[in-house]
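Below you'll find the structure, written out as structure tokens, and then a few comments.
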Amino acid sequence: MTRKQTRTAVILASLAILGIAAGLILYAIRDTIVFFYTPSEIAEKAVQPGTRLRLGGLVEQGTFVQGENAMYSFAVTDTLKSMKVTYKGQLPDLFREGQGVVAEGTLQGDGTMLADTVLAKHDEKYMPKDVADKLKEKGVWQEGQTTAQ
Amino acid sequence: MISEIGHFTLLLALAVAAYQTIVPQWGAWRNDAVLMASASVAALLQLALLLISFAALTHAYLTSDFSVLNVAENSHSMKPLLYKISGVWGNHEGSMLLWVAILALFGAAVAVFGRNLPDTTKARILSVQGSVGLAFLIFIAAASNPFLRLMPPPVEGNGLNPILQDPALAFHPPFLYAGYVGLSIAFSFAVAALIEGRVDAAWARWVRPWTLVSWALLTIGIGMGAWWAYYELGWGGFWFWDPVENASLMPWLIATALLHSAIVVEKRGALKIWTILLSILAFSLSLVGTFLVRSGILTSVHAFAVDPARGTFILAILAVFVGGSLTLFAVRAPSLKTGGLFATVSREGGLVLNNLLLSAACTAVFFGTLYPLALETLTGDKISVGPPYFNLTFGPIFLPLLLLMPLGTMLTWKRADVLNALRRLWWAAAAALAITLLVLVLTVRGPWLAPLGIAMGFWLIFGAAADIFQRAGIGSQPVHIAWARFKGLPRSAFGTALAHGGLGVMVIGIIVLSLWKEEHITSIKPGESIPVAGYTVVFKGIEPLSGPNYDGILGRFDIMKDKALVKDVVSEKRQFRPRGMPTTEVGLYQGFWGDVYVVLGDAASDGTYVVRASFNPMASFIWLGAFIMFMGGILSLTDRRLRIGVPKRAAAAPNAAPQPAE
């Protein structure tokens, strides 16, 4: 095999592998990404039931209910709209009413969300950055509420 | 006072780094031996100064000197000693100081061990190394100074983030940083080679041990991070495809590729340009990682640093070094002589494929990590790219790599015969399949993918053994000859086998844990129990808890099997005093076949507690595999031929006088 043929083979193999990788990436990015919304945005954008999404906001005061066998429900609010979330599992250590939360799951037909993941921030000083940004956009967040270092 | 000394030596180190950047490079152009030799002195001096600086900060932490802002913000007088020490790098400023100190350590190591390097090459390497140090020292002095004073000093500090107060995490950053920063050596070697316009076998022999050190440290660092996530975060997962985890995985993937392509340069003189590019990319990805972690750009469980000014600064450093080195590469690479003819099917060809797949895998991770940032910057849409993306991209790219790995080690240089290689591996394939069938017969539960994953793991393990057998002639030679050859094999051969086999052990752990995990979440009262995978987790009761810097409650659990006690474990809910932050400690029984993992959750008004009990089969294999891979790297390093500093380009006087320390 000459140098030229080897080089051609190597280049073709590289292109094939990179092509497959690029294809996989593009396919996966279309099908697996999850958009982040606040309760108001879900209403505005008329998100269809069955959609997988991340919901962010504050856990609304007085809505937390502990059911049988580690079933929980609570409402997530951006202070304009709120949305009920049900979740089975263990809640993170920092989960509590009035605190920032991000829930990931699917939107149900009755306008609630069935979450399979609930995240709270690891440091109490912060609220999730996503949530803070969204709340700032909605104008209900005041600077100085965090003491981020 | 001691902090002022630390501050002063930090600034002195900056000046020395400036000298080390400019003068030796100038000396190399002028071919001035004195100026070039001063590079080594500067490198050692820089290390000494930064060690003093680091020691001064450590002293401030040990004595809880809260007049130092950094200590007041991140430490607490009641913290245990270990976490006072680890607190030094458990914050942004301290970790950056550790970063440059390790950088200086590597620079000094080149100065000491690189005696056989040609003078000009060595001066240029140390100059590039110095420039990286200079950039980060300016960053520390300007935007991340750990020695700033606080007046008046507070009585008590804020304390370290409690989830960082853990033995595995105490030592995870130094290992990971050493791995990241070690890649700067390969980078400096590559840039020096581009300036000189020469890449040859000797160059590759010099680069390989440094890359190997970094690779081994990254491997163990990532392993420790995964272990920490597994038992400290309390979710029972070990890898979340979190951007910060990806930031460490990307340099690891490219370092792995570099390790393999440098072999081709050394043995066959081919792939030179590609290897140079990988050296640049590996360190560039380390810088990207540093940027992602330290800029606070990520919404991540690890985002401890939040400061846009710092982010911009690191981004500028990133742009200068990545942009500069790639420009240099574009200008100089075409002038490098290529060599080494090989057939497509050959050891070289196999290593090219290895490199392509590793690079493709890295690209997938890179894209998945940065796409959300890019999209948010461009359109404002917030998205999350999670495990489904990575499983769909990383998985299919890595699968052929694993499948072909044992085959690659069997191929001969220049031209190889696949059938011949397969003939030497048939028993490995047969044994892997036999074990898998046995697994299927004994335990059929859960997804069918798991037995295939087990087969893959054993294929790698047996393939690694087959490589050793083949080299020693075990099976084809009389026993005493095979034994003699086995004993005579270079250590790097065993190192390779360990690294490849360790990956197999890890693959088994990852696949089995991911697919056969059994989990139950229920509300139970003390006295009640949860059955999980043949074990019974009995909830004994709740007790109050008081630690050195936390209070809380603990739940006692007995893990029973066949009515006999296996282990009594404790899961704690701690409330840390300085910050009032709660954390959960997992109750863990580690067995060979799997872990029983018990987490105490919230109490309900009727006296029940939410308890999560899971059986994580073969979880230990993941950490064991990472450790075996690490040991493989270390064993290879002890190989005479790979020892740092030994290789020579030309016959040089072996008794060159050691450089004076100052």
Side-chain angles (χ1 to χ4, degrees), chain A residues 1-3 5-6 8-10 13-14 16-18 20-22 24-29 31-37 52-54 56 66-72 88-96 102 104 117 119 121-126 128-134 137 146 148-149, chain B residues 73 92 158 161 163 233-235 296 298-299 301-307 341-344 349 352-353 356-357 359-361 363-364 367-368 371-372 381-393 396-397 415 521-523 573 579-584 599 601-602 604-605 610-612:
Chain A
M1 214 183 225
T2 65
R3 180 182 292 263
Q5 282 171 318
T6 306
T8 315
V10 169
S14 318
I17 288 174
L18 289 179
I20 291 168
L24 276 173
I25 291 171
L26 291 177
Y27 173 74
I29 214 85
D31 277 28
T32 62
I33 56 164
V34 177
F35 278 84
F36 181 96
Y37 297 115
R52 197 172 165 75
L53 55 91
R54 281 191 159 203
Q66 184 172 16
E68 287 286 293
N69 272 332
M71 283 296 297
Y72 297 100
K88 181 177 166 63
Q90 269 181 331
L91 290 166
D93 289 331
L94 294 172
F95 181 92
R96 64 190 63 145
V102 175
E104 185 170 329
T117 313
L119 306 170
K121 240 356 202 193
H122 282 244
D123 193 318
E124 283 206 313
K125 286 182 187 169
Y126 308 114
K129 183 171 167 290
D130 288 353
V131 180
D133 286 358
K134 288 284 181 183
E137 271 173 38
T146 55
Q149 51 193 9
Chain B
E73 275 183 347
H92 171 80
N158 273 345
N161 190 334
I163 57 164
L233 294 183
W235 310 334
L298 302 166
T299 310
V301 294
H302 298 261
F304 302 117
V306 183
D307 188 336
L341 205 59
F342 59 88
T344 320
V352 168
L353 192 60
L356 284 172
L357 290 169
S359 311
T363 310
F367 197 76
Y371 181 67
D381 278 342
K382 284 179 188 289
I383 58 163
S384 85
V385 173
Y389 166 84
F390 293 100
N391 292 344
L392 204 57
T393 53
I397 296 170
R415 178 175 286 114
I521 305 174
T522 1
S523 304
K573 288 189 88 65
R579 299 189 182 199
M581 180 176 163
T583 69
T584 303
V599 187
D602 299 316
S605 49
V610 175
V611 174
R612 191 175 77 212

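Every chain is numbered from 1, with letters handed out A, B, ... down the list of sequences. Just so we're clear, the structure is a prediction, and the values are computed from it rather than from any experiment.
- Atom-to-atom distance recorded for B:Leu356:CG and A:Leu18:CG is 6.5 Å, nearest 0.5 angstrom.
- Contact of B:Val599 with chain A is made through backbone and side chain together, with heavy-atom distances under 4.5 Å.
- Note: A:Ser14 leads A:Ala21, A:Ala22, A:Ser14 in heavy-atom pairs under 4.5 Å with chain B.
- Comparing B:Val611, B:Thr584, B:Thr522 by how many heavy-atom pairs each has under 4.5 Å with chain A, the most go to B:Thr584.
- Between B:Pro396 and A:Leu24, the closest heavy-atom pair is CB-CD1, 3.8 Å.
- Annotation: maximal heavy-atom pairing with chain A below 4.5 Å, among B:Ile383, B:Val352, B:Thr583, B:Ile397, occurs at B:Ile383.
- In this structure, the separation between CG on B:Asp602 and CD on A:Gln90 is 7.5 Å, given to the nearest 0.5 Å.
- Residues B:Tyr371 and A:Ile25 have side chains not in contact (no heavy-atom distance under 4.5 Å, counting atoms from C-beta outward).
- In this structure, B:Ile521 CD1 and A:Met71 CE are separated by 11.0 Å, a value rounded to the nearest 0.5 Å.
- Here the rule is side-chain contact (heavy atoms from CB on, under 4.5 Å) with B:Ser384, and of A:Val102, A:Val34, A:Thr32, A:Leu53 only A:Val34 fits it.
- Nearest heavy atoms, B:Leu353 versus A:Ile17: CD1-CD1, 3.3 Å.
- Looking only at side-chain heavy atoms (C-beta outward), A:Gln66 and B:Val610 come within less than 4.5 Å of each other.
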